Amino acid sequence: MQIANRVQQVEKSETLRVKEKALELRRQGVDVIDLTAGEPDFPTPSHICAAGEAAIRDGFTKYTASAGIPELRQAIVDKLSRENQLQYQPEQIIVTVGAKPAIITALWAILNPGDEVIIPAPYWVSYPQQVRMADGVPVIVDTRDSGFKITPQALENHITPRTRAFLFNSPCNPTGVVYTPDELQALADVLKGRNIWILSDEIYEKIIFDDQVHRSIAGYDGLYHQTIVINGVSKAYAMTGWRIGYAAGPTEIIQAMNRLQSHFTTPPSISQKAALVALTGDQSPVEEMRRRFQKRRDILVDGLKQIPGLSFVYPEGAFYLFVNVSGLFGRKWNRGVLKTSLDVCDYLIETQHLVAVPGKGFGAPDYIRLSFATSEAVLEKAIVALKQAVQALNQ
Ligand SMILES: Cc1ncc(COP(=O)(O)O)c(C=O)c1O
């Protein structure tokens, strides 16, 4: 039976292969050091869970408006005003089934076949795939030589008459870099007034370290009318399974997105009530989780600094450490020579039972991604395992 060409254009995930190996080891009773988590390991704060339970008890278990319940859209308006100094009306907000669908729905609403979307690499794995699923062409801009941030010049150089969007992510998964206000201003100067949408994925906004500040690029002069802010409750409130995200932008794009969304999904009613409490209730668990992530970042960074042959991007936000493993290429182990980061991942799983995500899917094949959304004890074990793994290659 036929499978559509569209499917062929979407790459199979290498992450899955690594995860399957880890699962197999676990099944055999092996204690796996899992550094693949893409979500907070903390439970959803109890007052948010209570709101979900109350919604069920109250029978709030039916379809809602496809763009989301009015109270939640208003709470998002208030949040964007209070925290991001961005002023919207409720009709400029669409609630989605997580941030991931918000991005593809925006792409469907923007792109005609063959339209180009500029994506700085390393990028979150789903970006290029989603662009392809929307019949667009991902235009990847390598940022490894510019501190893992796209420069205004590189952005300018990749703009063509077919460029319809710029997919931007700060704090960034997988590198953890955070763009400074000056850097945002410089990008804004390139984009301002052009017929190019900016999709600003701000899902890691609250997981930010030291004295970094998150600013939305939508707030830079002239960009409000061409920016779609993507955010949600998944990461900040440890609510990945509740599936609530949102997009904010000019009325015409949000209405276009809702026209599409209304024919394929509705955000879950119970989760919307919980997200409402997340955004309007006690914010102290968010700060507590941020603090714990920062502590874990410090543990992992301090440990990795002592391992020769590995270098990494210093994470200013999110919960990942992106490690350059090319210093290990050419070394031998009993299954052959390490040539790629996938080989390094295989080597780490098989010799240390440590699972990391290979960088190829993020557009950085010489890297692996280590998540520090896991306990301090696991991170300590991981450091020992990485040290042993590198030492064994030197013998
Ligand atoms: C950069 C980025 N954007 C969006 C998402 C998806 O968020 P959600 O779970 O709300 O769909 C993720 C999840 O890993 C992410 O890393």
Side-chain angles (χ1 to χ4, degrees), residues 13 15-16 19 35-42 44 48 68 72 76 79 93-107 117 119-131 133-134 138 143 148-150 165-179 198-208 214 216-217 228-248 257 261 264-265 267-268 271-272 274-275 278-279 286 289 293 313 315-322 357 359 361-364 369-374:
S13 163
T15 316
L16 233 57
K19 281 210 153 193
L35 301 186
T36 63
E39 60 185 346
D41 55 319
F42 303 113
T44 305
I48 299 174
L72 179 55
I76 294 165
K79 180 264 177 227
I93 308 291
I94 182 171
V95 180
T96 55
V97 188
K100 196 186 269 196
I103 301 166
I104 191 148
T105 311
L107 292 168
V117 179
I119 306 174
Y123 42 73
W124 180 44
V125 282
S126 292
Y127 291 158
Q129 314 306 335
Q130 290 203 340
V131 168
M133 284 162 69
T143 65
F148 296 87
K149 292 177 178 176
I150 190 168
F166 173 50
L167 225 172
F168 182 67
N169 179 215
S170 174
C172 173
N173 174 8
T175 58
V177 298
V178 175
Y179 284 69
I198 301 146
L199 262 69
S200 179
D201 180 347
E202 304 180 13
I203 194 82
Y204 291 100
E205 124 180 83
K206 291 189 186 277
I207 303 171
I208 194 162
H214 170 77
S216 175
I217 195 165
I228 306 168
V229 175
I230 310 280
N231 207 331
V233 294
S234 299
K235 314 282 176 174
Y237 299 93
M239 290 179 72
T240 46
W242 296 78
R243 309 309 306 138
I244 295 291
Y246 56 86
M257 287 172 68
Q261 174 160 287
F264 72 90
T265 194
S271 301
Q272 289 188 67
L279 293 178
V286 178
M289 289 189 269
F293 284 131
V313 190
E316 299 166 326
F319 36 65
Y320 310 104
L321 195 71
F322 208 47
V357 183
F362 302 100
R369 192 190 73 175
L370 309 180
S371 165
F372 48 89
T374 186

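Every number for a ligand or one of its atoms is a count from 1 in the order of the listing. Just so it is clear, the model here is predicted, and its values are computed rather than measured. Below, each value reflects all heavy atoms present in this structure, side chains not excepted, and no hydrogens, waters or symmetry copies.
- Asp201 counts as a contact of ligand 1, since one of its heavy atoms falls under 4.0 Å from the ligand.
- Residue, atom and distance of the protein heavy atom nearest to atom 6 (C) of ligand 1 are Trp124 CH2, 3.6 Å.
- The shortest contact between atom 13 (C) of ligand 1 and any protein heavy atom is with Lys235 NZ, 2.7 Å.
- Residues Lys79 and Tyr246 form a side-chain contact, since some pair of their non-hydrogen atoms from C-beta on lies under 4.5 Å apart.
- Comparing heavy-atom distances from atom 16 (O) of ligand 1 across Asn173, Thr240, Val233 singles out Asn173 as nearest.
- Under a 4.0 Å heavy-atom criterion, Glu39 is not in contact with ligand 1.
- Heavy atoms only, all atoms of each residue included: Val178 and Gly317 are closest at CG2-N, 4.0 Å.
- Contact detail for Pro122 and Thr175: the closest heavy-atom pair is CG-CG2, 3.7 Å.
- Between Thr96 and Pro267, the closest heavy-atom pair is O-CB, 4.1 Å.
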CA sep, side-chain torsions, deciding dist, call: Phe148, Phe322, ring pair (Phe, Tyr, Trp, His ring centres under 6.0 Å): CA-CA 11 Å; Phe148 296 87; Phe322 208 47; 7.0 Å; no
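- The nearest heavy-atom contact from the protein to atom 7 (O) of ligand 1 is Ala99 CB, 3.6 Å.
- A heavy-atom distance below 4.5 Å is not found between the side chains of Pro138 and Tyr123.
- Set against the non-hydrogen atoms of Ser234, the atoms of ligand 1 under 4.0 Å away are 8 (P), 9 (O), 10 (O).
- Residue contact check for ligand 1: Tyr127 places a non-hydrogen atom closer than 4.0 Å to it.
- Atoms of ligand 1 found under 4.0 Å from any heavy atom of Lys100, numbered from 1 in the order shown, are 6 (C), 8 (P), 11 (O).
- Ligand 1 has no nitrogen or oxygen under 3.5 angstrom from a nitrogen or oxygen of Asn169.
- Near Gly98, with a cut-off below 4.0 Å to any heavy atom, the atoms of ligand 1 are 10 (O), 11 (O).
- Scanning the protein for heavy atoms near atom 9 (O) of ligand 1, the closest one is Arg243 NH1, 2.9 Å.
- When side chains are defined from C-beta on, Lys100 counts as touching Trp124, because their heavy atoms get closer than 4.5 Å.
- Of all heavy-atom pairs spanning Leu199 and Ala106, the tightest one is CD2-CB, 4.0 Å.
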